[in-house]
**Student:** 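One structure coming up, written as structure tokens, with questions to follow.
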Amino acid sequence: MRDEGSGTRAGQREASRRSVLEASTELFAHFGFEGTSMNAISARSGVSKQNAIYYFGSKEALWETMLDWLFANVAETFDDILYRGRSVDQISISDFIRAYFKVCRKHPAYVLIPMIEGVNDTWRSRMIAEKYLSRHVTRFNEFVRSCADRGEISDIEPLHLQNLAAGGAQLFLALAPLWKLSAGKDTTSEKFISEYAETVVRLLKPAAAE
């Protein structure tokens, strides 16, 4: 016989864990690891500090779990937007660029946390680099080379293109208040992010026509 109370408690624990992960992701993306306290995460999530520590063990362990959770969500969104049963050789560079900016807008922490943590050599920046970004760089290099081999773009340095995309996403999402004040643009809006993606795509088209 199923223990309804146990099932309810498990569901409540899972909901609380998710609330802590969502809150910590948002706070770490805006204030970094050092600028975010467990008290702030508790206040934002509505989960007591004691329970948050019980679920994750420590602030450091929570950060690591949060990063795994964030990148898993990003991968799932990429699959849903970009692949949809297609193989890599069926995806154009334009498809990738458009999908990338959609993913960044949906998961701003994906670009903001590496930007914040990447300015210093710490256990966090090393974890991001070694566990995630080095793999992303390798896969993107292979993808760009395959696009060049089939004549879609000229033979360009993949890291330059990666930073053209990632750097723009980071600055438009992180400095949105500044762009709003200086240019009167909401650089986090779906319209603006889509227009920026199209600009990057257009910049690549002359290379394809050479």
Side-chain angles (χ1 to χ4, degrees), residues 2-83 99-140 159 162-163 165-167 169-177 188:
R2 183 170 179 266
D3 185 343
E4 295 293 342
S6 176
T8 300
R9 287 193 297 273
Q12 290 172 341
R13 285 195 297 271
E14 184 57 33
S16 293
R17 281 177 55 86
R18 184 178 182 87
S19 294
V20 172
L21 287 170
E22 290 174 346
S24 63
T25 300
E26 183 178 351
L27 291 171
F28 287 140
H30 282 86
F31 305 108
F33 178 84
E34 300 294 347
T36 300
S37 68
M38 290 301 294
N39 286 331
I41 292 170
S42 173
R44 179 66 62 91
S45 67
V47 177
S48 71
K49 178 180 177 180
Q50 181 180 5
N51 279 346
I53 293 174
Y54 174 76
Y55 294 141
F56 296 97
S58 65
K59 179 180 166 184
E60 291 77 9
L62 170 59
W63 192 89
E64 293 186 25
T65 303
M66 174 279 304
L67 199 67
D68 288 340
W69 182 74
L70 170 63
F71 274 81
N73 287 336
V74 166
E76 183 178 344
T77 303
F78 250 122
D79 287 344
D80 182 56
I81 294 175
L82 183 59
Y83 294 105
Y100 175 78
F101 284 109
K102 288 180 181 178
V103 170
C104 291
R105 184 174 182 272
K106 183 172 182 178
H107 303 285
Y110 170 57
V111 290
L112 298 183
I113 288 176
M115 181 179 70
I116 291 172
E117 298 296 343
V119 297
N120 293 301
D121 182 357
T122 67
W123 64 269
R124 299 180 302 281
S125 61
R126 288 193 293 274
M127 180 180 176
I128 292 170
E130 294 167 5
K131 193 171 184 179
Y132 296 104
L133 294 191
S134 60
R135 183 173 75 246
H136 287 193
V137 168
T138 298
R139 292 179 64 184
F140 188 71
L159 192 59
Q162 193 163 11
N163 276 274
Q170 287 173 334
L171 292 176
F172 284 135
L173 293 171
L175 303 182
T188 68

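All heavy atoms count here, side chains included; hydrogens, waters and symmetry mates do not.
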**Student:** Restricting to side chain to side chain contact (heavy atoms under 4.5 Å, CB included), what partner residues turn up for A176, sequence neighbours left out?
**Tutor:** T187, T188
**Student:** Using the rule given for side-chain contact (heavy atoms from CB on, under 4.5 Å), can you reason through L67 versus F28, listing the C-alpha separation, both sets of side-chain angles and the distance that settles it, and then say yes or no?
**Tutor:** CA-CA 10 Å; L67 199 67; F28 287 140; over 6 Å; no
**Student:** Ring pair (Phe, Tyr, Trp, His ring centres under 6.0 Å) with F172: which residues, sequence neighbours excluded?
**Tutor:** W179, F192, Y196
**Student:** Report the distance from atom CD of Q12 to atom OG of S19, rounding to the nearest 0.5 Å.
**Tutor:** 11.5 Å
**Student:** Determine, step by step, whether M38 and L62 satisfy the side-chain contact (heavy atoms from CB on, under 4.5 Å) criterion, reporting the C-alpha distance in whole Å, the side-chain angles of both residues, the deciding distance to 0.1 Å, and the verdict.
**Tutor:** CA-CA 10 Å; M38 290 301 294; L62 170 59; 4.0 Å; yes
**Student:** So which atom in L112 and which in A29 form the shortest heavy-atom distance, rounded to 0.1 Å?
**Tutor:** CB-O, 3.7 Å
**Student:** Where the side chain of T25 meets the backbone of L21, is there a donor-acceptor pair that is under 3.5 Å apart?
**Tutor:** yes
**Student:** Would you please test I116 and F31 for side-chain contact (heavy atoms from CB on, under 4.5 Å) and show each step?
**Tutor:** CA-CA 8 Å; I116 291 172; F31 305 108; over 6 Å; no
**Student:** Roughly how far, to the nearest 0.5 Å, is OG of S134 from CD1 of I128?
**Tutor:** 11.5 Å
**Student:** I need the minimum non-hydrogen distance between A169 and F101, along with the two atoms involved.
**Tutor:** CB-CE2, 3.9 Å
**Student:** Can you list the residues that meet the side chain to side chain contact (heavy atoms under 4.5 Å, CB included) rule with A166, with sequence neighbours excluded?
**Tutor:** Y100
**Student:** Just wondering, more than 12 heavy atoms not from H30 lying within 6.0 Å of its NE2?
**Tutor:** no
**Student:** Does R135 have any side-chain hydrogen bond (donor to acceptor under 3.5 Å, both in side chains) partners at least two apart in sequence or in another chain, and if so, which?
**Tutor:** none
**Student:** Please report the interatomic distance OG(S42) to CD(Q50), rounded to the nearest 0.5 Å.
**Tutor:** 10.5 Å
**Student:** Restricting to side-chain hydrogen bond (donor to acceptor under 3.5 Å, both in side chains), what partner residues turn up for Q162, sequence neighbours left out?
**Tutor:** none
**Student:** Just grab all the salt bridge (Lys or Arg N to Asp or Glu O under 4.0 Å) pairs involving residues 22-38, residues at least two apart or on different chains.
**Tutor:** R18-E22, E26-R44, E34-R124
**Student:** Would a 4.5 Å heavy-atom cut-off, applied to side chains only, mark V47 and Y55 as touching?
**Tutor:** yes
**Student:** Report the distance from atom NZ of K49 to atom CD1 of I41, rounding to the nearest 0.5 Å.
**Tutor:** 10.0 Å
**Student:** Output all residues satisfying side-chain hydrogen bond (donor to acceptor under 3.5 Å, both in side chains) with N120, sequence neighbours left out; order by chain, then residue number.
**Tutor:** none
**Student:** Look only at the side chain of T36 and the backbone of F33, and say whether a donor-acceptor pair between them is shorter than 3.5 Å.
**Tutor:** no
**Student:** Taking the side chain as every heavy atom from C-beta outward, state whether M115 and L173 have any pair of such atoms under 4.5 Å apart.
**Tutor:** no
**Student:** Which residues pass the side chain to side chain contact (heavy atoms under 4.5 Å, CB included) test with E14, sequence neighbours left out?
**Tutor:** R17
**Student:** Taking C-beta and beyond as the side chain, do W63 and S24 meet within less than 4.5 Å on heavy atoms?
**Tutor:** no
**Student:** Which heavy atom of A61 sits nearest a heavy atom of S58, and at what distance?
**Tutor:** N-OG, 3.1 Å
**Student:** Going by side chain to side chain contact (heavy atoms under 4.5 Å, CB included), name the residues that satisfy it together with T138, two or more places apart in sequence or in a different chain.
**Tutor:** E142
**Student:** With a 3.5 Å cut-off and sequence neighbours excluded, list the donor-acceptor pairs that the side chains of residues 68-80 form with protein atoms.
**Tutor:**
unit_1: D68; atom_1: OD1; unit_2: K131; atom_2: NZ; d: 2.9
unit_1: D68; atom_1: OD1; unit_2: Y132; atom_2: OH; d: 2.2
unit_1: D68; atom_1: OD2; unit_2: K131; atom_2: NZ; d: 3.4
unit_1: N73; atom_1: ND2; unit_2: W69; atom_2: O; d: 3.3
unit_1: T77; atom_1: OG1; unit_2: N73; atom_2: O; d: 3.0
unit_1: T77; atom_1: OG1; unit_2: H107; atom_2: NE2; d: 2.7

**Student:** Listed by chain and number, what are the side-chain hydrogen bond (donor to acceptor under 3.5 Å, both in side chains) partners of R139, not counting sequence neighbours?
**Tutor:** none
